[in-house]
Amino acid sequence: MTIQTIKTTPYADQKPGTSGLRKRVPVFQQPNYLENFIQSIFDSLEGLGGKTLVIGGDGRFYNDVAIQKAIRIAAANGFGKVLVGQGGLLSTPAASNIIRHYKAFGGLVLSASHNPGGPEGDFGIKYNVSNGGPAPEKITDAIFARSKVIDSYKTLDTPDIDLSKIGTQKVGDMVVEVIDPVADYAALMQTLFDFDAIRGLFASGFTMTFDSLHAVTGPYAKAILEGILGAPAGTVKNGVPSPSFNDGHPDPNLVYCKDMYDLLMTPQGPDFGAASDGDGDRNLIIGKNRFVTPSDSLALLAANAHLAPGYKAGIAGIARSMPTSAAADRVAEKLGIEMHETPTGWKFFGNLLDVGRVTICGEESAGTGSNHVREKDGLWAVLLWLNILAVRKQSVDAIVREHWATYGRNYYTRHDYEEVDSAAANALVDDLRGQLAALPGQVLNGLEVAYADDFTYHDPVDGSTSAKQGIRIGFKDGSRIVLRLSGTGTVGATLRVYLERYEPADGQHDLDTQDALAPLIGITENLAAIKGRTGRNEPSVIT
Ligand code: VG1
Ligand code: CO
């Protein structure tokens, strides 16, 4: 088979963000756009000859086209084998597991996660390294540098692979094995959780609903919850992946899962509700009459993980992204284990997990996971919750209340201003940055500023430094305001404002969250003038 070397010209905008390269589908459809990026990835790696590459995606529009191109480019670049999920599907955590389990060189995860799909929606591509986790900044910087000067890519002139059939085929000299996307993942989950106890929970009449939002978790949730664990058929809703996510927004939050939330707040609703995002790495947890914020969920899972067989020896440490609330910090303190604060994005957890300094990680954006893979994992979080519920035999609400009565409550919210003018958003952040030095010691709305800075992370494992990771303004009473610009949006800028206030164990735990945080919302507006600068009177999304 002759390898073709195709001439190309670089694109200037292939800088990977928080989680890979994400753009509108028409951007990816430009001539050689995808090819350039994949070749730039391969050009940035050393020693891939004869090695195994994992490829899979969340099934969104353009997945099928992109996978065929990626397979040909991989073959022409000398990979020995590609493992690809049947139908081109692999959830992000399942892809991470496959990379680790089969000791692959790395993997291409084709997804724009929680962003909408379809011909006018978003597409994305991310490279994961051999530990199963997203490539660290050193590699993504190299990929971007390469993409700016690339002048050719390699491919083969071969017919499409049949992705519907499990089994082995060949593309040039490279073997392509189409694998069951669910089997290895389901087997891994059985090593971590007490499936008998969860089966018993369902058998006792416990009811749940799981919304796959027409995205990738459908086959996983059906096989595990309804298949292995015996939950009644119909427990999993919207379980068939659709290229456009049924024209929905596969983001498991209270805006896009409002129907489920409303159902859980009624007496006739189920005991437990959960959802996952486009690529299966996020989770939404709602108990009857109790929404669990992702930050609280991280703290609760860490405090109760020992109830699941996979964590019965205890956890080594916890890591959370900087904007995530400090609820987990109190658990780590009580357990006497390490606590780490990292920049936003799962790639920063990899080193800590690899050296065994932390076991559980989480982000306020509905991402939790553990050392079982190197990605956040939506179904994992749901199964750990189910395991805890099966052992404790209490409601979600009772467990959350007990947690607050022990550790105190961190009232927490995030306000997003989506698709605002990039120049205005950057000016807002720059201006705020300029005010930081003068803030400590000032009293704003009755709260004294303890510190104000732009977060810089020093990775304790590889010594690397990541600066400008978000503005933090901390107050003497433990309250905090964080502001940063999103690195996953595809149009304009998205400004994220994260607000947090600590209420001690014997304090008030029943306030309305937005009311509890009103003083901080006021301070933020005074300092950042969001309304004036963005022309928005209110956030697009409140989580
Ligand atoms: C967002 C979240 C971040 C998450 C990232 C990828 O990034 O805030 O916590 O890791 O999405 O999640 P940003 O830069 O837009 O704030 V996923 O499920 O979209 O891969
Ligand atoms: Co995701």
Side-chain angles (χ1 to χ4, degrees), residues 17-18 114 251 253-256 282 291 293-296 298 320-327 341-345 362-367 410-436 439 442 444-447 449-455 468-475 477-489 491-502 511-543:
T18 310
H114 56 288
D251 194 350
N253 62 29
L254 295 184
V255 177
Y256 303 114
R282 297 187 178 204
F291 161 62
T293 70
S295 292
D296 275 353
L298 170 65
R320 63 166 171 84
S321 67
M322 182 275 282
T324 305
S325 97
E341 188 177 39
T342 58
T344 296
E363 296 192 276
E364 55 65 43
S365 56
N410 290 68
Y411 284 100
Y412 187 86
T413 192
R414 190 183 83 207
H415 290 189
D416 288 340
Y417 298 81
E418 293 175 341
E419 297 187 18
V420 299
D421 178 67
S422 290
N426 283 313
L428 182 155
V429 172
D430 287 344
D431 186 56
L432 191 57
R433 205 176 273 128
Q435 298 179 51
L436 295 179
L439 287 180
Q442 284 192 37
L444 311 170
N445 255 2
L447 298 173
V449 178
Y451 64 89
D453 65 6
D454 197 344
F455 179 55
K468 292 196 169 177
Q469 295 296 325
I471 289 173
R472 320 187 281 184
I473 302 169
F475 298 88
D477 71 341
S479 298
R480 194 175 66 143
I481 297 169
V482 171
L483 254 113
R484 60 179 281 280
L485 297 179
S486 155
T488 58
V491 176
T494 293
L495 174 68
R496 301 199 196 283
V497 181
Y498 312 79
L499 305 155
E500 171 177 6
R501 164 184 150 188
Y502 178 64
L511 301 175
D512 172 80
T513 298
Q514 301 302 316
D515 290 346
L517 297 167
L520 294 166
I521 296 171
I523 294 171
T524 310
E525 183 55 32
N526 285 341
L527 291 174
I530 297 174
K531 288 183 184 159
R533 284 185 179 270
T534 65
R536 300 287 174 82
N537 273 325
E538 52 187 39
S540 341
V541 176
I542 295 180
T543 57

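Comment: Arg472 does not engage Asp454 in a salt bridge, judged by the lack of any side-chain N to carboxylate O separation of less than 4.0 angstrom. By the 4.0 Å N-to-carboxylate-O rule, Glu341 lies close enough to Arg320 to be salt-bridged with it.
In this view, Asp430 and Arg433 satisfy the salt bridge (Lys or Arg N to Asp or Glu O under 4.0 Å) rule, not counting sequence neighbours. Take Arg501 and apply the salt bridge (Lys or Arg N to Asp or Glu O under 4.0 Å) test, not counting sequence neighbours, and it matches Glu503. Every residue meeting the salt bridge (Lys or Arg N to Asp or Glu O under 4.0 Å) condition with Asp251, not counting sequence neighbours, appears here in chain and number order: Arg282.
Note that the OH atom of Tyr411 and the OG1 atom of Thr513 stand 7.0 Å from one another [nearest 0.5 Å].
No donor-acceptor contact under 3.5 angstrom links the side chains of Glu500 and Ser479, judged on distance only.
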Open item on the list: As a quick check of understanding, evaluate salt bridge (Lys or Arg N to Asp or Glu O under 4.0 Å) for Asp421 and Arg533, giving each step before the final call.
Closed with: CA-CA 9 Å; Asp421 178 67; Arg533 284 185 179 270; over 6 Å; no
Open item on the list: Using side chain to side chain donor-acceptor pair (under 3.5 Å), reason through Gln514 and Thr413 one step at a time and then give a plain yes or no.
Closed with: CA-CA 7 Å; Gln514 301 302 316; Thr413 192; 2.9 Å; yes
- [ ] May I have the step-by-step check of side chain to side chain donor-acceptor pair (under 3.5 Å) for Tyr498 and Arg484, ending in yes or no?
- [x] CA-CA 9 Å; Tyr498 312 79; Arg484 60 179 281 280; 2.9 Å; yes
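Between the side chain of Asp416 and the backbone N or O of Val541, no donor-acceptor pair lies under 3.5 Å.
Across Thr344, Leu499, Leu483, a single residue satisfies side-chain contact (heavy atoms from CB on, under 4.5 Å) together with Pro323, and that is Thr344.
Looking at Ile481 and Phe475, their side chains come closer than 4.5 Å, going by heavy atoms from C-beta outward. For the pair Val429/Leu485, a side-chain contact is recorded, criterion being any heavy-atom separation below 4.5 Å from C-beta on.
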